[in-house]
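Note sheet for the following structure.
The analysis underlying the following values was restricted to heavy atoms, covering all of them including side chains, and did not include hydrogens, waters or symmetry mates.
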Amino acid sequence: MDTIAIKYNDEIVDLQTAAAKGIDGEAIVLDNSDAALEVLRHSTAHLMAQAIKLLYPDAQFFVGPVVKEGFYYDFRVSEEIGEGDLKRIEKQMLALAKKKYVIERYEISKGEAKKKFANDPLKLAVMERIPDERVSIYKQGDFEDLCRGPHLPSVQAIRFFKLTKIAGAYLGGDSSNEMLTRIYGIAFADKASLKAHLEMLAEAEKRDHRKIGAQMKLFAFREEVGAGFPIWLPAGARLRSRLEELLFKAHRKRGYEPVRGPEMLRSDLWKTSGHYQNYGENMYFTHIDDIEFGVKPMNCVGHIKVYEDELHSYRDLPIKYFEYGVVHRHEMTGALHGLFRVREFTQDDAHIFCTTEQIEAQIIEVVDFVDKIMKTFDFDYKMMISTKPEKAVGSDAVWEVSTQALKNAMDSNGLVYAIDEGGGAFYGPKIDIKITDAIGREWQCGTIQLDFNLPERFALEYNGEANDKIQPVMIHRAILGSFERFIGILTEHYAGEFPMFIAPTQVAIVPIAEPHNAYAKELADKLIDMGADSEIFSKNESLNKRIRTAEKGRVPMIIVLGDEEIENKTIAVRDRRNREQYNLSEAEFLTMIQQKINEVNF
RNA sequence: GCUCACAUGGCUCAGAGGUAGAGCACUUCCUUGGUAAGGAAGAGGUCCCGGGUUCAAUUCCCGGUGUGAGCUCCA
């Protein structure tokens, strides 16, 4: 395989630059490694720009970076470009690639560059952001672009790409600026990888929880209800309460106490907590008589009030309160998206009040809790520590101490994590849990946040050994994040094929004819007694039709009951996953269901 | 919040400046069927809301609401 760039001091340097500067390093060949793809995709973005320039001569280009999902280029054109034009641009790109243009690089001073691009305001805008005195220009054929690189040696290697999306994007991501046209694309080193990626995108579309949610009647949104307010349909509510029950037990086992705070609290409390000042724009307020109330966007304040209800001794710590806390947040309309982003949602929220010495053990315990749950659902996950954001309460010193405490807990237990600078919540640093679903997408769910600020603001305390007043540390944590979002993710993860322990309906019972209905009902009752939901398909429809309906409803197990079964007290089981059929005695069947339901506990 | 697009029975969608259709679902009847769609009949829509243009608007225009894609934001 040909070398396309080198690695020098951990940086990717293209061959053009390496030759100009006379440096050498480890070879990067054209494969699907991160480094190779970065170069390839960057050059593909340029090739796209070259093609666009040919097709739309008045196009002016802004920036065309490589991003996680491929690359894009922002540009300005007078003509309307639509989804249908992407094919045309792709064709032009392939034609250009066939010409095997060598990609040349040269440097000029910024002054010269400004002259060169004098009638290209977008390029001038790009230069405004570059601090360097000298800038590099890349040239392929008669197309030139201001660019930092790195690039391929030639456009020839660009073959397996696809333009995926066209959209508007604000210049510089600032909505007060003009909107440019943005085309997204993806490129790979070989055909199979491109194909696999495109199949993944198609699969993701098929798994869209909004679609499956409607098919399986899990939840719905209605215009008259309002944007961002989901309504839970019976099947969805069953699934959700299964999750809630499992999680309830898991919390109790770990020493958490269920508590409940009010939906809205007086604004004074939100001023004390800092939410009023830092989060107020996302909160809903109302008045009762003359007093202003804020609908809770988080559950911490309620839990703090529970904590304050009695005096605490160091002997009581850690104290762990949990609540399926319903919160309301004013999200921007454009951000709303199925169950993933709503305005009312329920967090599996908990707050741990502990001593400084207990922090590490508590963090580890929570991380272990997360591990257990995510493994149960077959999610891989990564952890990330987020540090102080721009808008924050509390002194730098406190932030430093608490951030360090998180790192220590992770380090001393050999846990791997990444750092997200400035990504913390306004009241403390956090560990985010990012899970990877069945088709490789990452989602942010759980979060563990360390908080020295709220205990300070509310002057929380406990009695120490010497009968002195000590301020506890507060750990906020959610594992699923929110039921809404998590169920949305689960739906896409399983493509609606929920495992038995979480499925809205565990068993579909199909009696062959009228006389078999009584046995069906008898079985359904036995199932309920052991905590399994079933649905009897006894409508006046053909047997085939009812089996088909059950299948389409994604019920994990279908049983058919007729004369034979009643006579022998057996069950004809049809496993939806592999469409296999087999017979069991009633006792065997019930034991099997019992096992499948009980095999999970966090 | 911004840009663009879309909005027709419960669902998926056709359709035209002269007040509407299909399939699925639903109801009733026939059929009592052994593992992915049996048959017949029927009911159901202020064509998202408000304003404007027009003799006439669900259809064209404006505003709102909702949905989608993207920016931004995030559980």
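Formation of a donor-acceptor pair under 3.5 Å by the A/Arg76 side chain with backbone atoms of A/Leu180 is not found in this model.
Looking at heavy-atom distances under 4.0 Å, A/Glu331 makes contact with a base. Using a 4.0 Å heavy-atom criterion, one finds that A/Val342 contacts the bases of the nucleic acid, with or without backbone contacts as well. Across all strands, A/Glu224 comes closer than 4.0 Å to no nucleic acid atom at all (heavy-atom distances). Across all strands shown, A/Ala227 has heavy atoms under 4.0 Å from sugar-phosphate atoms exclusively, and none from any base. Residue-level contact check: A/Gln444 touches the backbone only, with heavy atoms under 4.0 Å from sugar-phosphate atoms and none from bases. Among the heavy atoms of the strands lying under 4.0 Å from A/Ile547 is at least one base atom, whether or not backbone atoms are also near.
One P atom belongs to B/U53, the other to B/G1, and the distance between them is 30 Å to the nearest Å. When the C1' atom is used for both B/G17 and B/C47, the distance is 14 Å, rounded to whole Å.
A 4.5 Å side-chain heavy-atom check between A/Phe61 and A/Leu122 finds every atom pair outside the cut-off. A/Ile419 is listed as a side-chain neighbour of A/Tyr417, based on a closest heavy-atom distance under 4.5 Å.
In this structure, of B/G33, B/A36, B/A69, it is B/A69 that holds the atom nearest to the side chain of A/His337. In this structure, the nucleotide among B/G1, B/C73, B/G34 sitting nearest to the side chain of A/Glu565 is B/G34. Of the candidate nucleotides B/G34, B/A37, B/U72, B/A37 has the atom nearest to the side chain of A/Arg548. Across B/G34, B/G1, B/C2, the shortest atom-to-atom separation from the side chain of A/Tyr170 is found for B/C2. Looking at the side chain of A/Ile512, the nearest of the listed nucleotides B/A36, B/G34, B/A75 is B/G34. Counting only heavy atoms from C-beta on, A/Ala513 has its side chain closest to B/U32 among B/G68, B/U32, B/U67. Distances were taken from every side-chain heavy atom of A/Asn540 (C-beta onward) to each of B/G1, B/C30, B/G34; the shortest belongs to B/C30.
By the 30° and 60° cut-offs, the orientation of the rings of A/His351 relative to A/His476 is perpendicular.
Consecutive Watson-Crick or G-U pairing (both distances under 3.5 Å) extending over three or more pairs maps onto RNA chain B as B:1-7 with B:65-71, B:10-13 with B:21-24, B:26-30 with B:38-42, B:48-52 with B:60-64.
OP1 or OP2 of B/C71 has at least one side-chain nitrogen or oxygen of A/Tyr184 nearer than 4.0 Å. Close to B/A75, at under 4.0 Å from its OP1 or OP2, lies no side-chain N or O of A/Thr447. For the OP1/OP2 pair of B/G70 and a distance below 4.0 Å, the side-chain nitrogens and oxygens of A/Lys165 include at least one atom meeting the criterion. Contact between the side-chain N/O atoms of A/Ser542 and the OP1/OP2 oxygens of B/G38 is found at a separation under 4.0 Å. Side-chain nitrogen and oxygen atoms of A/Lys539 include at least one within less than 4.0 Å of the OP1 or OP2 phosphate oxygen of B/C26. For the OP1/OP2 pair of B/G66 and a distance below 4.0 Å, the side-chain nitrogens and oxygens of A/Arg210 include no atom meeting the criterion. Taking 4.0 angstrom as the limit, A/Arg574 places none of its side-chain polar atoms (N or O) nearer than this to OP1 or OP2 of B/G34. In this model, the phosphate group of B/A75 is not approached by any side-chain N or O of A/Lys434 to a distance below 4.0 Å at OP1 or OP2.
Around atom CZ of A/Arg222, no more than 12 heavy atoms belonging to other residues, nucleotides or ligands sit under 6.0 Å away. In this structure, A/Lys521 places its NZ atom where only 12 or fewer heavy-atom neighbours from other residues, nucleotides or ligands lie under 6.0 Å away.
The separation between A/Asp349 atom CG and B/A75 atom P is 12 Å, rounded to whole Å. Between the NE2 atom of A/His328 and the C1' atom of B/C74 there is a distance of 17 Å, given to the nearest Å. Atom CZ in A/Arg343 sits about 13 Å away from atom C1' in B/U67, given to the nearest Å.
In terms of heavy atoms, A/Ser482 sits closest to A/Phe345 at CB-CD1, 3.4 Å. Of all non-hydrogen atoms in A/Pro556 and A/Phe498, the two that sit nearest each other are CG-O, 4.3 Å.
Residue A/Phe345 and nucleotide B/A75 are classified as a stacked aromatic pair, their ring centres being separated by less than 5.5 Å at an interplanar angle below 30°.
Nearest-nucleotide mapping onto RNA chain B: of A/Gly226 and A/Lys545, the residue sitting toward the 5' end is A/Lys545. Along RNA chain B, the nucleotide closest to A/Asp208 and the one closest to A/Arg329 are compared, and the more 5′ of them pairs with A/Asp208.
No N or O donor and acceptor, one from the side chain of A/Gln581 and one from the base of B/G34, sit under 3.5 Å apart.
Here the OG-OH distance, from A/Ser241 to A/Tyr324, works out to 10.5 Å after rounding to the nearest 0.5 Å.
Remark: A/Arg242 engages A/Asp533 in a salt bridge, criterion side-chain N to carboxylate O under 4.0 Å.
A ring-centre distance under 6.0 Å is not found for A/Phe161 and A/Phe71.
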Query raised in the report: In B/S/- notation, 5' to 3', how is nucleotides 6-14 of chain B contacted by protein heavy atoms closer than 4.0 Å?
Result: ---------
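The ring pair (Phe, Tyr, Trp, His ring centres under 6.0 Å) test with A/Trp443 singles out one residue from A/Phe486, A/Phe340, A/Tyr381, A/Phe377, and that residue is A/Phe340.
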